[in-house]
Amino acid sequence: MVLLHFPQNLMDRLKGWNSLQGLTVMFILLSVVSKGSACEAPSSPQCFRRHSDETVYRCEWSMNTSAIDVTYDLHFNTTDPPFKETEFEGIDQTWTTPLEEDFPIKDRAAYIWVTARRGGSSCSSPRTSVVLSRTVKYEAPQNLQVSWSESSLSLQWRAVETQPALVEVLFRRKEDITEPWQSRSLRTNTPNETLIYGVSVANLQKHSAYQVRVRQKSTKVLNPLWSDWSAVHTAPAKLELSPEVKMATREFENGTRIVMLTWKPVPHAAAVGGVTYSLTDTQSFHECPCPRKKKKKKHINTSKTEYRTYVTNSLVNITLNAFNAAGASPSANILVPAKTAKGLTTCKKLSPKKVPKKACFEWYEVEDGKVRPDTVITLRAKEHYHNITTKLKDFVPYVYFQHECVNTIPRTVEMCLFYKKEGVPRSKPQEFIASSDSHSSAGLSWKAIPSEDHQGFLTHYVVCSMKISPEHGNEECHNVSASHTQYRLEDLIPGARYNISLAGVTRVGAGPRASLIFNTMSKKSVDVWFGIGLPVVFFFISIGFTFIFKRLKHKILPPVPKPVIRDTANNQQVNQEMLEITEEVDDLTLHQLQPETKPEQTTEDLEDTAFLDGVGETDDTTDDEVEDERILEDSMTPEESCDECLSPGYKHQALMSYRDLD
Ligand SMILES: *[C@@H]1O[C@H](CO)[C@@H](O)[C@H](O)[C@H]1NC(C)=O
Ligand SMILES: *[C@@H]1O[C@H](CO)[C@@H](O)[C@H](O)[C@H]1NC(C)=O
Ligand SMILES: *[C@@H]1O[C@H](CO)[C@@H](O)[C@H](O)[C@H]1NC(C)=O
Ligand SMILES: *[C@@H]1O[C@H](CO)[C@@H](O)[C@H](O)[C@H]1NC(C)=O
Ligand SMILES: *[C@@H]1O[C@H](CO)[C@@H](O)[C@H](O)[C@H]1NC(C)=O
Ligand SMILES: *[C@@H]1O[C@H](CO)[C@@H](O)[C@H](O)[C@H]1NC(C)=O
C-alpha cells in the first residue's frame with residue numbers, strides 16, 4: 001500500500017505512477033477541502049464490494065454529529081482525462097449502496113469524497129483515490145470454530161470466496177487479559193466446495209484458554225481492504241484427558257441393576273464457555289431391550305458430572321466424552337461387567353416356544369467364568385430367534401441372556417449356561433500329582449481343566465486306580481465333584497504300585513486321562529524308619545560328644561574308632577548340620593552318657609551305617625530281616641538302654657533330622 005502526501009504536482013506524479021505501475025494499489029490522502037467551517041468534516045468514504053463477484057457496492061463514511069438533519073452527497077471524479085463525474089446526492093444516512101451499473105468509472109482511478117450539508121453550510125471529507133472494481137472488503141469473520149491440535153489452535157469460519165484470504169489474528173491468554181494482544185499474519189487454505197476458511201495459530205499453550213479476534217482480506221483483487229475485526233471469541237483449553245470416572249452398581253432381585261457414574265469436572269481453563277458430557281451405552285445403542293426414546297439420538301448429553309442408568313445383568317459398555325467449544329476429550333470407556341457367570345445353572349432348553357414381543361436375547365462366549373465382551377450375538381424379538389443356532393458354535397460355552405423392557409426399565413429375566421452341542425473335555429487335568437502320608441492312601445491334587453476346554457458341562461471328575469504291582473488288580477473308579485481339585489484315595493495296599501488316572505467328564509463322556517504311577521509305602525519300612533531312628537540318634541550324639549570332648553581335650557575318653565570319622569567325612573555336610581543340633585543338646589547328659597554307651601555305640605553305628613547304605617540298593621531280604629529284628633528290639637527299649645539321656649522331644653528331633661538326611 002502506498003501512501004502519497006503531495007504538495008503541488010499531483011497530476012504529474014499520478015501520470016508517472018500510472019504509466020509505471022498501471023495504477024495498481026493506491027490510497028491518496030488529499031488535503032481537506034473545506035467549503036465552510038460551520039460543520040465538522042465527515043471521514044473520507046470507503047466504497048467496496050463484499051466479494052469480487054458482487055454487483056452491489058457499498059459506500060460508507062462516518063460523521064461526528066448528533067444532528068439528524070444532515071444530508072450527504074457522494075462524489076466520484078476520474079483522476080485522469082477524459083474526466084468523468086458521478087454524484088449521489090441527498091443521502092440521509094452515512095452509507096449508501098450504489099449498483100454497479102451506476103458506475104461508468106468503476107474500472108478507472110477516481111477520487112471519492114463526501115460532502116455533508118446542514119442548513120446552508122456544508123463541509124467535505126478528504127478525497128481518496130481508488131479503482132472501484134478492484135476494491136473488495138470482506139465481512140468480518142463470524143461464527144469462529146476453534147479446535148486444538150497439540151499446541152496449534154485451528155480457527156475456521158465460512159469462506160467468502162474460493163480464493164484463500166489473508167488473515168490477521170489477534171490473541172491473548174484468557175487468564176491474563178491485561179496482556180497485550182499478540183498478532184499473527186496468516187493465509188488461509190484454498191477452500192473446497194465446503195467453503196471453509198481455516199488457519200492454524202501455532203505455538204500456543206493448549207492448557208490455557210485464549211481470546212481471539214480475526215480479520216480477513218481478499219487475495220483475489222488488487223486493492224483489498226481489511227474486513228472489520230470479528231467479535232472477541234474465547235477458545236477454551238484443550239480437553240486432553242478422558243474423564244476420570246468412578247462406577248458403582250447396585251443389583252436388584254428382579255434382574256435390574258443401577259449403574260451410577262461420577263466423574264471429575266474438567267480443568268477450569270477447559271471449561272470456559274461450557275462443557276457438555278456425552279454418554280453412549282451399548283445397551284441402548286442396540287436398543288436391547290429398551291427402544292430409544294428418540295430414534296435418532298444415540299447420545300445422552302448432560303452438563304452434570306454424574307449419571308445413573310438402569311441396565312440388565314448383561315455386560316454394558318458405556319462411553320463418556322467431554323466436549324467444549326474446542327473439541328472433544330478422549331473417550332472414557334466404562335465396562336460394566338456382566339453378573340458373574342460362575343455358578344450359573346444350565347439352560348433347560350434353547351428356545352422358548354413363544355418369543356416375547358419386547359424381549360431381547362444375547363449369547364456371550366464364556367472364558368474363565370466371565371463373558372467375553374467381543375463375542376456377543378444379539379437378537380431382538382422380531383428377528384428369527386429360531387435361526388440362532390446357525391450362528392452359535394459347537395462345544396463352546398455361552399451365557400444366554402433374555403432381557404425385557406418393563407416401563408422403560410430393562411431387566412434380565414433369564415441367565416444360564418448353554419452349549420449348542422456338547423463334547424467331552426478336550427484336555428486332561430494338568431499338574432496331577434500324588435503325595436503320601438500313610439501307607440494305605442494317596443493324596444491327589446490337580447489343576448482344574450480350563451473352562452474353554454470343557455466342551456460341555458463338566459459334571460464331575462473320575463479318578464481311577466489300578467494296582468499294577470506286585471500283581472495286576474482291577475480298576476476302581478470314584479466320582480469327584482467338578483468343583484474339587486483334590487481327592488484322597490483310601491484303602492490302598494501297602495507296598496504296592498498303582499497306576500492312578502484322572503479325567504474330566506461331561507454329559508457326553510470322559511475326556512483324556514492324566515495318569516501317574518504311585519507306590520504305597522510298605523508297612524515294614526514304616527516300622528524300620530522308627531527302628532533305625534534310635535541307633536542313628538546315638539550315632540550322631542556320639543559324634544557330637546567326640547567333637548566336644550576333643551575340643552575340651554579331656555583325656556578320659558577312649559580313642560574314637562577311625563571308621564566313624566571316615567563315615568562322617570562321607571556325609572560331611574549333613575553331619576555338620578547334625579553336629580550343630582547335637583552340640584546344642586546339652587552338657588547335662590554329657591557325663592552320665594559317656595562311659596556307658598560310647599564304646600558299644602560306635603561299633604553299632606558302623607553296622608547301622610552299613611545297613612543304611614544298603615537300604616536303597618539291596619534286596620537281600622534275609623539280612624535285612626535279621627537286622628530289622630535287632631533294630632526292632634533296640635527300638636523297643638530305648639527308655640531302658642538310655643532312660644535319662646533321651647527326652648521324647650530329643651528323640652523326635654533326631655528322627656526328623658534323619659528324615660531330612662534321607
Ligand atoms: C468525535 O467527537 C469526539 C468528542 O466530541 C472526539 O473525541 C472524537 O475525536 C471525534 N472523532 C473524530 C473522528 O473527529
Ligand atoms: C474440504 O476441506 C475441509 C477442510 O479443509 C476438509 O475437511 C474436507 O474433507 C474437504 N472436502 C473435500 C471434498 O475435499
Ligand atoms: C426392580 O426393582 C427395583 C427396586 O425395587 C425397581 O426400582 C425397578 O423398577 C425394578 N425393575 C423392574 C424392571 O421392575
Ligand atoms: C466399548 O466401546 C468402545 C466404543 O464403542 C470400544 O472402543 C471399546 O472397544 C468397547 N470395549 C469393549 C470391551 O467392548
Ligand atoms: C459316577 O457318575 C456317573 C454319572 O453320573 C455314574 O453313572 C456312575 O455310576 C458314578 N460312579 C460312581 C462310582 O459313583
Ligand atoms: C496308566 O493308565 C493309563 C490309562 O489309564 C495308561 O495310559 C498308562 O499307560 C498307564 N501307565 C502304566 C505305566 O501302565
Side-chain angles (χ1 to χ4, degrees), residues 248-260 281 283-284 287-293 307-314 316 336 338-339 345-346 356-362 381 401-415 422-434 442 444 446 449 454-484 487-493 496-520:
T249 54
R250 202 171 135 204
E251 289 180 8
F252 298 114
E253 301 246 313
N254 56 14
T256 300
R257 294 187 292 170
I258 287 188
V259 175
M260 287 159 282
D281 67 77
Q283 185 178 273
S284 55
E287 301 192 61
C288 178
C290 291
R292 279 200 294 274
K293 281 175 202 150
Y307 175 66
R308 44 175 68 202
T309 185
Y310 285 104
V311 299
T312 61
N313 282 342
S314 178
V316 183
V336 185
K339 216 174 148 179
T345 54
T346 59
K357 267 188 189 152
K358 278 188 177 175
C360 166
F361 312 91
E362 289 179 306
F401 292 94
Q402 183 180 329
H403 310 301
E404 276 177 13
C405 188
V406 182
N407 300 327
T408 73
I409 297 174
R411 74 169 187 206
T412 301
V413 290
E414 194 170 354
M415 182 179 174
E422 281 187 74
V424 300
R426 67 172 176 209
S427 73
K428 55 190 182 187
Q430 300 295 307
E431 295 173 28
F432 181 40
I433 51 169
L444 306 174
W446 60 92
I449 300 173
H454 288 185
Q455 304 207 108
F457 297 111
L458 196 72
T459 52
H460 59 279
Y461 289 99
V462 58
V463 172
C464 296
S465 61
M466 183 158 69
K467 186 154 73 72
I468 53 174
S469 168
E471 68 275 346
H472 266 68
N474 289 333
E475 193 172 58
E476 275 187 39
C477 295
H478 306 268
N479 288 351
V480 181
S481 160
S483 59
H484 291 181
Y487 187 68
R488 199 173 149 87
L489 267 181
E490 306 273 10
D491 301 330
L492 302 178
I493 296 164
R497 178 178 294 240
Y498 283 88
N499 183 354
I500 304 175
S501 68
L502 172 74
V505 184
T506 65
R507 296 198 287 204
V508 174
R513 293 177 166 198
S515 71
L516 55 80
I517 303 298
F518 180 75
N519 293 312
T520 48

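What you see below is based on every heavy atom in this structure, not just the backbone, and it leaves out hydrogens, waters and symmetry mates. Since the model is a prediction, treat every value here as computed from it, not as a measurement. Atoms within a ligand are numbered from 1 in the order they appear, just like the ligands themselves.
- Counting heavy atoms of neighbouring residues, nucleotides and ligands inside a 6.0 Å radius, atom CZ of Arg308 does not exceed 12 of them.
- No side-chain N or O of Glu422 forms a donor-acceptor pair with one of Thr506 less than 3.5 Å apart.
- Side-chain contact of Ser314 with Thr312: a donor-acceptor pair under 3.5 Å is absent, judged by distance alone.
- Polar contact with ligand 6: present for Arg513 (N/O pair, distance under 3.5 Å).
- Below 3.5 Å of separation, one finds no N or O of Glu475 facing any N or O of ligand 6.
- In this structure, ligand 3 sits under 4.0 Å from heavy atoms belonging to Phe252, Asn254, Thr256, Tyr310, Val406, Ile409, Arg411.
- With hydrogens and angles ignored, the 3.5 Å screen pairs a side-chain donor or acceptor of Thr520 with a backbone N or O of Ile493.
- Each of the atoms 1 (C), 2 (O), 3 (C), 8 (C), 10 (C), 11 (N), 12 (C), 14 (O) of ligand 6 lies under 4.0 Å from some heavy atom of Asn499.
- Of all atoms in ligand 5, listed by their number and element, those nearer than 4.0 Å to a heavy atom of Cys477 are 13 (C).
- Note on ligand 6: Ile517 sits in its first shell, one or more heavy atoms being nearer than 4.0 Å.
- Looking at Gln283, Glu414, Glu362 one by one, the single match for side chain to side chain donor-acceptor pair (under 3.5 Å) with His403 turns out to be Glu362.
- Cys pair Cys405 and Cys360 fails the test of SG atoms under 2.5 Å apart.
- With a 6.0 Å radius and a threshold of 12 heavy atoms from other residues, nucleotides or ligands, Arg488 has its CZ atom above the threshold.
- Not counting sequence neighbours, His454 has no partner by the ring pair (Phe, Tyr, Trp, His ring centres under 6.0 Å) test.
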